[in-house]
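Every value quoted in this text rests on a predicted model; they were computed, and no experiment measured them. In what follows, chains carry the letters A, B, and so on, assigned in the order in which the sequence lines appear, proteins first and then strands, with residues in each chain numbered from 1.
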Amino acid sequence: MNVFAHFRDQVVAAIESLVSAGSLPPLDDLSKLSVEPPRDPEHGDIATNAAMVLSKPAGMKPRDLAGLLAPELEKLDVVDGVDIAGPGFINLRIADAFWRARVADILAAGTAWGDSAMGAGEPVNVEYVSVNPTGLLHVGHARGAVFGDALAALLAKAGYAVTKEYYVNDAGGQIDALTRSFLKRLQEIRSGEALPDSEFEGLYPGEEVIDAAKAALADPAVSGEVEGWLADSGRLPDGARVFAVAYMLDRIREDLAELGIHHDLFSSERALVEAGAVDEALADLEAKGLIYTGVLEPPKGKLPDDWEERPQTLFRATDFGDDTDRPLRKSDGSWTYFATDIAYHRDKVRRGFNTLIDVWGADHGGYVKRMQAAVKAVTGGAAALDVKICQLVNLTNRGEPVKMSKRAGNVVTVRDVVEEVGRDVVRFIMLTRKNDAPLDFDFAKVTEQSKDNPVFYVQYAHARSHSVFRQAREALPDLDLSEAALASAPVDRLTDKGELSLIKRLAGWPRIIESAAEAHEPHRIAFYLYDIAADFHAHWNRGREDPRLRFVAEDDAELTLARLALVRAVGTVVASGLEIFGVEPVEEMR
RNA sequence: GCGCCCGUAGCUCAGCUGGAUAGAGCACCGGAUUCCUAAUCCGGGGGUCGCAGGUUCGAGUCCUGCCGGGCGCACCA
């Protein structure tokens, strides 16, 4: 139950009854009416702007309108008090009993509490990682990977039918370069003589390509073909290309698995091209009159060295908000990346997705407008593309920049980082910032056991919820702590201010899910979890000062049961948030 | 030169899609605490929300123009 949505319904009902009683004129548009927690808890539990947003259509002053509405809301059983404040806010104080009932809700639903029907099963496609299979994942990729994965989980929790997709760029010039590198490595192994570095100019010299060559020779299914590939190496034989791509993709999949990431679908660019999807998509645009041959203005300022003015096949991106029209064919006549990307996005829409989300790295920022323009053009505005740009990760150790080149040149791989600090730490920290803000990742800090470290702080809250249970079992061995006993705990014994504010915080969880899902912003979950942990730790600490507030009251089994129900609810909501992040909730800190 | 993103306390950042007196952690200052439910607690100072206009009942949030920083800028992906 989203309590704010619940009270919004009550407010709407109150308005409707005033309308039907003739006290208010008919009011159709209630879309701007909101029911939210007030910023300052002193103002009450629930606040609505109803009187302010309806004052104009109702033709009344906000405070007069509030004066009509307040008595209606006061009639509700769970409303203990109503105030009109400021320019016309209506503040409600909700009975403690209402809040306490949420504890039972949470225990009954478990980590499913907070699941929302908001998405109504609408299909959403989240495309993330999509790294070219020409090398290993490096740490820069990890942020987008974790972000996309958490966003997908968040949307699923909010009721969307999410498909997690990886677009494999297995066609084009970079794959040619990979294949060439691969063949050279094979040749090296065959001849026993290393080629000079200059041979790999513009190619992929990374060690993983040597591994690929070794794997090919060791694989009985293809080792027999190697001789033929080398003899025909000038033409980049298909078998070599397919093997190299498959090998790299497997390595990437392994690294993603290290992060706990598993896509639902890997879409192949090559398959798309071979199926004629590009021709089809461009014929579509052609039919709409959105393709023409023209000459682009050279970019102002820095001119590329080899700039040459010539006619090109162009898409009218400017008709859809882009800054310039965009080329679809390279000078050799083949499609640009943009052209195949149009086909790919069109394909996603044709597969039934009207909501597309792409997660890209910072260096692709300049590509957003044209892709959104293309999606608009190709779907006639029926589908929306949201692009989430993940800014750079600034990797340090005690403030010093990190260079951990073990495998891939001067690059820190995902595997390096996961091995260093662990999957859960990587995942959580990557989500503690808005995607469009740069992120600092300090090895020493993220593994520190202190409240400055959000991973530790949140994990510890969960672990502490379990350690309290361990203590209780020891202190009160006869107390029934089964799920059923907790579910029917006498929660009316929860009367302390700290306990009630903790419950109110928990009650906000469903609303956090919905707003974070709507905004495509998983970082809000991280901040919420931190707040819960802070409330929980703070309350625990009050028990050090005042033993009457401790969760375990040895002389009062009933009270203990009620408090443990609350503790279980805290653990449940924290676990539920960590589940979205793909972080394992630990039961014990070591 | 153009586009996108960012600019909030000394530092690192939130700010719930336009609401009330702009919040948290660190750091700083002042207190408490040797407790066992290990891995502190309470309080305090600190702000021209980059600057200037605009929109309206109301702007950190939306619009315009500047300033500063990052990324990108035909034919790579």
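- C16(B) and G50(B): their P atoms are spaced 15 Å apart (whole Å).
- A salt bridge does not link Arg398(A) to Asp442(A): none of the charged nitrogens lies less than 4.0 Å from a carboxylate oxygen.
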Show me the protein contacts with nucleotides 69-71 of chain B, counting only N or O atoms at under 3.5 Å.
residue, atom, partner, partner atom, Å
C71(B), O2', Ala362(A), O, 3.0

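- Using cut-offs of 30° and 60° on the angle between ring planes, the pair Tyr344(A) and Tyr167(A) is parallel.
- A search for ring pair (Phe, Tyr, Trp, His ring centres under 6.0 Å) contacts involving Phe581(A) returns Phe428(A), not counting sequence neighbours.
- Between the side chain of Arg511(A) and the base of C16(B), at least one donor-acceptor pair of N or O atoms lies under 3.5 Å.
- Residue Glu308(A) is classed as a base contact, given a heavy-atom separation below 4.0 Å to a base.
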Output a table of donor-acceptor pairs, distance under 3.5 Å, between side-chain atoms of residues 528-538 of chain A and any protein atom two or more places apart or on a different chain; print 'none' if there are none.
residue, atom, partner, partner atom, Å
Tyr528(A), OH, Arg505(A), O, 2.7
Tyr530(A), OH, Lys451(A), O, 3.4
Asp535(A), OD2, Arg505(A), NE, 2.7
Asp535(A), OD2, Arg505(A), NH2, 3.3
His537(A), ND1, Arg464(A), NH1, 3.0
His537(A), NE2, Tyr457(A), O, 3.2

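- The separation of A39(B) from C62(B), taken at their C1' atoms, amounts to 46 Å, rounded to a whole angstrom.
- Atom CG in Leu328(A) sits roughly 16 Å away from atom P in A74(B) (whole-Å rounding).
- Nucleotides G69(B) and C26(B) have their C1' atoms positioned 24 Å apart, rounded to a whole Å.
- On a pure distance criterion of 3.5 Å, no polar donor-acceptor pair joins the side chain of Arg326(A) and the base of A74(B).
- Listed by chain and number, the residues in a salt bridge (Lys or Arg N to Asp or Glu O under 4.0 Å) with Arg524(A) are Glu521(A) (sequence neighbours excluded).
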Subject >> Contact pattern, 5' to 3', of nucleotides 20-25 of chain B - B, S or - by protein heavy atom under 4.0 Å >> reply: B----S
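- Separation of the P atoms belonging to G68(B) and C41(B) is 43 Å when rounded to the nearest angstrom.
- The gap from the C1' atom of C35(B) to that of G58(B) amounts to 50 Å, rounded to the nearest Å.
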Original post:
Which dot-bracket notation, 5' to 3', represents the base pairing of RNA chain B when pairs are defined as Watson-Crick or G-U with both distances under 3.5 Å, crossing pairs as [ ], and inter-strand pairs as |?
Top reply: (((((((..((((.....[...)))).(((((.......))))).....(((((..]....))))))))))))....
